[in-house]
Every structure is written in structure tokens, then in C-alpha cells.
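Residue numbers start from 1 in every chain, and the chains themselves are labelled A, B, ... in the order their sequence lines are given, proteins ahead of strands.
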Protein chains: 4
Amino acid sequence: MMLDSAVRVFSRRGFHAASMDEIAEQAGISKPMVYAYLGTKEELFVACLQREGTRLMEAIAAEVVGADTADRQLWRGLRAFFTFVGAHRDGWAVLYRQARAQQPFASASAEMRERMVEVVAMMLGRALAAEGREVRDTELQVMANALVGASESLADWLADHPEADPEKTATWMMNVAWLGAAQLLRGETWTP
Amino acid sequence: MMLDSAVRVFSRRGFHAASMDEIAEQAGISKPMVYAYLGTKEELFVACLQREGTRLMEAIAAEVVGADTADRQLWRGLRAFFTFVGAHRDGWAVLYRQARAQQPFASASAEMRERMVEVVAMMLGRALAAEGREVRDTELQVMANALVGASESLADWLADHPEADPEKTATWMMNVAWLGAAQLLRGETWTP
Amino acid sequence: MMLDSAVRVFSRRGFHAASMDEIAEQAGISKPMVYAYLGTKEELFVACLQREGTRLMEAIAAEVVGADTADRQLWRGLRAFFTFVGAHRDGWAVLYRQARAQQPFASASAEMRERMVEVVAMMLGRALAAEGREVRDTELQVMANALVGASESLADWLADHPEADPEKTATWMMNVAWLGAAQLLRGETWTP
Amino acid sequence: MMLDSAVRVFSRRGFHAASMDEIAEQAGISKPMVYAYLGTKEELFVACLQREGTRLMEAIAAEVVGADTADRQLWRGLRAFFTFVGAHRDGWAVLYRQARAQQPFASASAEMRERMVEVVAMMLGRALAAEGREVRDTELQVMANALVGASESLADWLADHPEADPEKTATWMMNVAWLGAAQLLRGETWTP
DNA sequence: AATGAATGAGGTTTCATTCAT
DNA sequence: TATGAATGAAACCTCATTCAT
């Protein structure tokens with residue numbers, strides 16, 4: 001399928017170095033077709049990004065749904081995330097990294113990220129509410145942001161280490177996120 | 001100065017969209033001079049990256065030095081980091097993001113990041129040793145990676161929110177990193 | 001045709017001064033087409049050289065074939081050569097001259113010339129053998145080299161003198177080559 | 001000296017690839033000096049050409065002067081020529097080759113060559129007159145042209161074969177020129 | 001799930017050449 | 001046998017993008 005070829009080429013070469021010629025060739029069709037169906041190179045990239053992004057979101061949502069407590073929600077979300085990234089090693093992570101850096105996609109990817117952060121923030125918010133506590137929204141945002149950033153970072157690490165295990169990575173991430181450095185240093189651990 | 005102009009243009013446009021013409025013009029000199037002094041476009045970008053990277057490292061190192069306990073080291077490092085990023089809003093964060101995505105610089109920036117992660121890992125390792133505990137090296141790496149990732153993420157956030165306060169951001173980050181979500185949810189906080 | 005334009009422009013301006021822009025314009029197409037079909041500027045020049053060289057070689061070979069004695073072979077070869085050069089006045093001679101001087105083509109053109117010299121040397125060798133005589137190979141080579149050089153020289157002269165007659169030039173060359181100055185001075189002549 | 005450096009660089013790199021920077025560096029002075037004393041790159045090349053050309057001419061003239069008969073004049077001229085070329089292996093031949101091919105020097109080098117051809121033609125003319133014979137001027141020109149061309153060719157050959165002996169080369173050339181192929185094939189030789 | 005052929009526009013890079021000292 | 005620093009101009013090459021079929 002066309003988008004698959006595009007994702008592959010964009011990942012391998014990077015947005016700029018990727019040529020429409022190569023993408024068309026990979027897809028086994030002619031360039032004008034690519035333009036007819038997906039439009040401009042930029043639009044094509046955005047299309048790739050959105051498809052992959054949606055898939056990721058859905059994968060996570062599907063997993064999180066069944067959990068009740070905050071920590072189990074977080075855990076399942078993380079596991080789904082890393083599993084997805086691990087399964088699309090040179091798809092998602094690379095594409096996403098590009099999108100965040102390349103000027104014309106900054107907004108598109110920022111928006112996606114925003115959605116993600118929002119979800120995490122909401123999750124944390126609900127957990128707080130359940131404890132009868134409340135936190136200013138900004139703090140929640142920042143906390144969520146940090147969690148997302150840490151996850152992205154480990155996702156990159158995962159994409160670069162083919163031998164690494166997604167589930168184990170998720171566990172580590174969960175520990176860092178849930179317990180924090182202090183507890184970890186004290187020997188506490190969180191296990192599913 | 002020439003590097004300043006280059007940093008500015010690279011940040012605004014992105015590596016590829018940045019033209020040597022614009023950089024030269026910004027610097028108030030002619031293109032051949034840029035080539036004479038900094039070499040190729042790629043070399044120029046690397047030069048920018050290195051200068052900013054070095055400055056950042058130095059800023060952090062200078063602050064960390066005076067701290068004794070692990071948490072204070074972490075705190076001071078974070079504060080220095082966010083202060084620096086806040087002061088160079090469209091310098092470091094953007095450049096660094098680019099470097100990580102753009103093919104030819106992937107390795108160079110990966111190396112820099114590796115150094116950073118290494119430092120954090122070492123810090124955590126020493127803290128562990130002080131507690132008489134020991135952890136497998138990979139786990140340390142992953143933990144450090146997560147912390148660095150979270151910080152990068154907040155750095156981006158900071159770069160995108162001109163009104164945000166670096167020191168406060170650092171505090172939040174410290175809380176997330178040190179206490180973890182669980183403690184935070186319980187209402188605990190870490191304060192300098 | 002594209003190669004024709006290229007030959008024309010290369011001849012007029014010289015390899016370096018010739019611009020791909022001008023070649024494309026002469027051919028009535030756009031620059032990218034030139035690159036698409038013939039490749040790099042260097043490759044384009046080589047293509048010109050080879051086409052013209054092959055044509056020349058074929059023209060000579062076709063004529064020489066029918067001759068039996070050494071002098072008639074030489075005569076026919078020379079006639080074919082000068083006729084060809086006369087008919088492509090600003091093609092072959094100029095291109096060839098360039099190739100010999102321009103660094104990147106030195107070896108390619110040297111090779112072509114070597115083939116030519118080899119042919120002449122072989123012809124002389126056979127003539128000698130027919131007379132029951134034998135000569136060291138180096139001497140044969142040098143002699144052939146001299147003949148080829150003399151021919152090249154007259155070819156240049158012919159290219160520069162539009163009014164000159166190729167066949168008459170061939171006759172002169174034949175006389176010089178076959179009889180040598182001594183005989184010519186004595187009033188002897190060789191006629192077809 | 002400046003011209004020496006220029007000759008060396010032009011020979012090694014070719015006119016175009018030679019950079020004024022390298023020439024100045026070789027000469028151990030600064031570029032503006034080169035411009036101050038020798039002018040433009042083209043003028044510099046012409047200056048090289050003329051100096052070397054003059055030296056060659058003088059070397060030949062000095063030798064020819066003492067000879068009486070035509071064949072001895074020719075012989076001495078040839079010997080002087082090849083000796084000179086042999087002694088300046090990568091000076092004269094390469095420079096001259098370039099000059100003949102590179103557009104802006106075509107006329108300058110043609111003129112030099114014309115002088116040479118003229119001298120040879122005159123020599124042949126005198127020899128003919130001494131024999132009481134007379135030939136149309138054009139024929140004389142063409143004959144001289146052929147001789148000069150053959151010599152140039154062997155000069156190139158000599159420049160490319162460091163082990164070759166100039167005097168022996170001159171002898172071969174003399175034989176070809178004086179006796180012609182027919183006599184050589186019959187086993188006749190000319191010896192000084 | 002058409003395409004081959006064509007192009008406009010732009011970018012990096014390199015030098016010959018010249019001021020200002 | 002002055003020079004360091006600067007530049008204008010131009011050349012090669014590539015690619016996203018579109019007609020004409």
C-alpha cells in the first residue's frame with residue numbers, strides 16, 4: 001500500500017532525503033498517482049504521521065480501557081505504547097522524531113502530542129480526585145509532559161536497540177514514573 | 001557573530017530549509033566568508049551544535065559541583081538545565097531536536113546525549129552505592145534515559161511557553177523524577 | 001539531437017567554459033533533461049567523444065578494408081581520415097584536442113589514440129614482414145606515433161582552413177609520410 | 001620564481017583546475033602580489049607559455065645555426081627540440097597541449113606554432129631552391145605542418161615516457177621525416 | 001490505485017579578483 | 001618581489017511538481 005511505502009522511505013531516509021521517486025517506486029506505482037491520491041510531499045508525510053499516530057492511540061486506548069486503578073491504567077498504557085513502538089521499530093519512532101524537528105510539521109505533531117499529554121493528565125487528575133486531592137492544571141500538564149517525554153525517550157532507545165524487550169522496557173518506565181528515583185534508590189519496586 | 005546567526009536561522013527554518021544565503025545575510029557578511037570560516041553547511045551545523053552543547057554542559061557541571069547528596073545534585077543539575085534552556089529558548093532545544101532527527105547528525109547528537117545519560121546514570125549509581133545497594137547497569141541506563149527524556153520534553157515545553165518560569169519547571173521535574181507519581185498523588189512534595 | 005548540441009557547444013567554448021545551461025538551450029530542452037539522458041557534464045563530454053570517435057574509426061576502417069598493399073592502405077586510411085575531419089570541421093578535431101589536454105579525459109583519450117597508433121603500427125609491421133624485414137616494436141610504435149601526430153596536425157590545420165580540400169590534404173600527408181622529405185625535395189611524388 | 005611555480009601548477013593541474021591560491025602558495029608569496037606582477041590568471045598562463053616558448057625557440061635556433069645542409073639543419077633542430085622537451089618533461093609539452101585546447105589561448109598558441117611552421121617551411125624552401133626546384137607555398141606549409149605535428153606527437157610521447165631518451169627519439173623522428181615510410185620499410189636509415 | 005517526459009526554481013560550493021592596511 | 005580578509009558571480013546538479021497521452 002502507498003502509505004506503507006511512504007512510511008518506510010521517510011523512516012529510512014528522513015523527510016528531506018526521501019524522494020518522491022523512491023516512494024513511488026517502492027509503492028510500485030508512478031509518481032503522478034502519488035500526487036493524485038495523497039497530494040504534496042508534505043501532505044503525504046502528514047498522512048503517514050496521522051495514520052501511525054491514530055493506530056498508536058487506538059492501541060493504547062484499547063488496553064487502558066479495562067483497567068481500574070490509576071497505576072494499572074498507567075501500566076497498561078505504557079505497555080501498549082512500548083509494544084507498539086517495538087512492533088513498528090523503524091516506523092513510528094523515527095517518523096515522530098522527524099515531525100517534531102522538521103519545521104512544517106511542528107504544529108501537526110505538537111497537536112498529536114498535546115492529545116497524548118492531555119490523556120495522561122486527565123488520568124492523573126482522576127486519580128488525584130479519587131484521593132480527594134486537587135492540583136493546579138499546569139502542574140498536571142507538566143507532570144504528564146514529563147511522563148510522555150520519558151516515554152518518548154525510552155521509545156527512541158527501544159527503536160535503536162533491536163534486542164531490547166518492549167515489556168521489560170515498559171516495566172522500567174513504570175517504575176521510574178510511579179515510584180520515582182527516591183524509592184527506586186531505596187530498593188522499592190513496582191511490579192504488575 | 002557568525003555562529004549566532006547560524007543558530008538563529010537553523011532554529012527558525014530547520015537545517016534543510018535554512019539557506020546559506022540567509023545565514024550569511026543575517027551575519028552581515030558574504031557567503032564565501034561563511035565557507036571560509038566554518039566550512040560546509042553540515043560542518044556549520046555541527047559547530048553550532050557543539051558550541052551550544054558545550055555551553056550547556058558547562059553550565060550544568062558548574063552547578064552540580066557544589067552539591068553533596070544525590071537529590072541535591074539532581075536538583076541543581078535540573079535547575080541549571082532549565083535555566084539554560086530558558087535563556088536560550090530558540091537555541092539549544094530546537095537545534096538539539098533537529099540533530100536527533102536529521103540523518104547526518106544522528107550519530108553526533110546521539111553521542112552527546114549518551115554522555116549526558118552516562119553522567120546521570122553515574123550519579124544515580126553513586127547514590128545507590130551510598131545506600132549500599134546495587135543495580136544492573138542496563139537498569140541504571142534506562143532510568144537515566146527516562147530522566148533525560150523527561151527533561152528534554154519539559155525543555156521543549158519551556159521553549160514553547162515563553163511565559164513559563166525555568167526554576168518552577170525544574171522543581172516540577174524534580175518532583176516527578178524524585179518522588180514519582182505515587183508520592184505526588186499522595187500529596188508529598190520535594191522542595192529544595 | 002542532444003549530442004549534436006553538446007558537441008557544438010563543447011567545441012566552441014571548451015569543456016570548462018561550456019555551461020550545461022547553454023547546451024540545454026542549444027538542444028531546445030531543459031537542463032534536467034540533459035542530466036536525465038546523458039548524466040554528468042563529464043559523462044556528457046565522454047559520450048560526445050565516443051560517438052565522434054567511433055564514427056571516425058568506422059569511416060576509416062570501412063575504407064582501409066578494400067586495400068591490399070601497405071601504401072594503398074595508408075593512403076585510403078588517410079583519405080578517409082581527412083575526409084571525415086573535413087566533414088565535421090568543428091566536431092572531432094576540437095573535441096579530441098580538448099580531451100587530450102583536459103585532466104579528467106586524458107586517460108580515456110590516450111587510450112583511443114593508443115588504439116589508433118596500434119593499428120598504424122600493425123599495418124607498418126605487416127608491410128615490413130612482407131618485405132622480409134623486421135624492426136623492434138618500439139621503433140614501430142614511434143614511427144606510427146609520428147604519422148598519427150602528423151595527421152592530427154594536418155587535421156587541425158584542415159579544421160582551421162575551411163577552404164582547404166580534404167583529399168588534397170590527404171595526398172600531401174601521404175607524400176610526406178611515404179616518401180619523406182628527401183624524396184620530396186628531389187621532386188619525387190606519390191600519387192594514388 | 002613566480003613563473004616557475006605557475007608553470008609547475010598549471011602543468012600538474014591543468015589551466016582550470018589550477019587555482020591562483022595554489023600558485024601563490026607555491027611561489028611563497030601572497031595572491032595580490034601575483035596579480036600585481038603578472039596580472040590575470042589568463043595573462044599569467046600566457047606569460048608562462050611565452051617564456052617557455054621563447055626558451056624553446058632559442059634552444060632550437062642556437063643549434064640550427066651551425067648547420068649547412070638541409071638534412072643537418074633538420075636533424076639539429078629536431079635534436080634540440082626533443083632535448084628541450086625531455087629536459088622540461090612536465091613543463092613545455094603539457095602547457096602547450098593545454099594552450100592548443102583551451103579556448104582563450106588558441107590564438108596565442110596558434111601564433112607560436114605558426115612561427116615554428118614558418119621556420120621549418122622556410123628551411124625546406126631553401127633546400128628546394130638549392131636543388132633548383134620550387135614548390136607552391138601551400139604545399140610547403142602543409143609539409144612543414146606535418147613535420148611539426150609529428151614532432152609534437154613524439155614530444156607528448158616523450159613527456160609521457162620518463163625512461164625514453166630524447167636523442168634517440170630525435171633520430172627516429174628524423175628518419176621518418178627525412179626518409180619516409182617507404183625507405184624505412186626498405187631498410188634504409190639516416191644517421192647523423 | 002496511470003504514466004513518461006519535462007521543467008522551474010533553488011541550493012551549495014568554488015574561485016578569480018580586489019580593498020584596506 | 002606585501003597581505004589578510006572579503007566578495008560577486010556563476011556553475012553544477014537535484015527534485016517536487018505537472019502536462020499530454
(request) Provide, to the nearest angstrom, the distance between the CZ atom belonging to B/F45 and the C1' atom belonging to E/dT12. (result) 17 Å
(message) Quick test of your reading of the model: are D/E152 and D/R97 salt-bridged, counting only N-O distances below 4.0 Å?
(response) no
(message) Please give me every residue in residues 17-39 of chain C whose heavy atoms get under 4.0 Å of an atom in DNA chain F, ordered by residue number.
(response) C/A18, C/S19, C/M20, C/K31, C/P32, C/Y35
(request) Under the salt bridge (Lys or Arg N to Asp or Glu O under 4.0 Å) rule, collect the residues that match up with A/D160, sequence neighbours excluded. (result) none
(message) Is the shortest side-chain heavy-atom distance between C/E43 and C/L38 below 4.5 Å?
(response) no
(message) I need the CZ-P distance between D/R13 and E/dC15, as an integer number of Å.
(response) 11 Å
(request) For D/V7, enumerate each residue passing the side-chain contact (heavy atoms from CB on, under 4.5 Å) test, keeping only those at least two apart in sequence or located in another chain. (result) D/S11, D/C48, D/R51, D/E52, D/L95
(request) Round to a whole Å and report the spacing from CD of A/E43 to P of F/dA16. (result) 14 Å
(request) Toss me the dot-bracket line for DNA chain E: Watson-Crick and G-U wobble, both under 3.5 Å, 5' to 3', using | for pairs to another strand and [ ] for crossers. (result) .||||||||||||||||||||
(message) Checking D/F84 now: which residues fulfil ring-ring contact (aromatic ring centres under 6.0 Å, His included) with it, not counting sequence neighbours?
(response) D/H88
(message) Tell me every residue that passes side-chain hydrogen bond (donor to acceptor under 3.5 Å, both in side chains) with D/K41, counting only those two or more places apart in sequence or in another chain.
(response) none
(message) Under a 4.0 Å threshold between the charged nitrogen and the carboxylate oxygen, would C/E22 count as salt-bridged to C/K31?
(response) no
(request) For the residue pair C/R8 and C/Q26, confirm or rule out a side-chain donor-acceptor distance under 3.5 Å. (result) yes
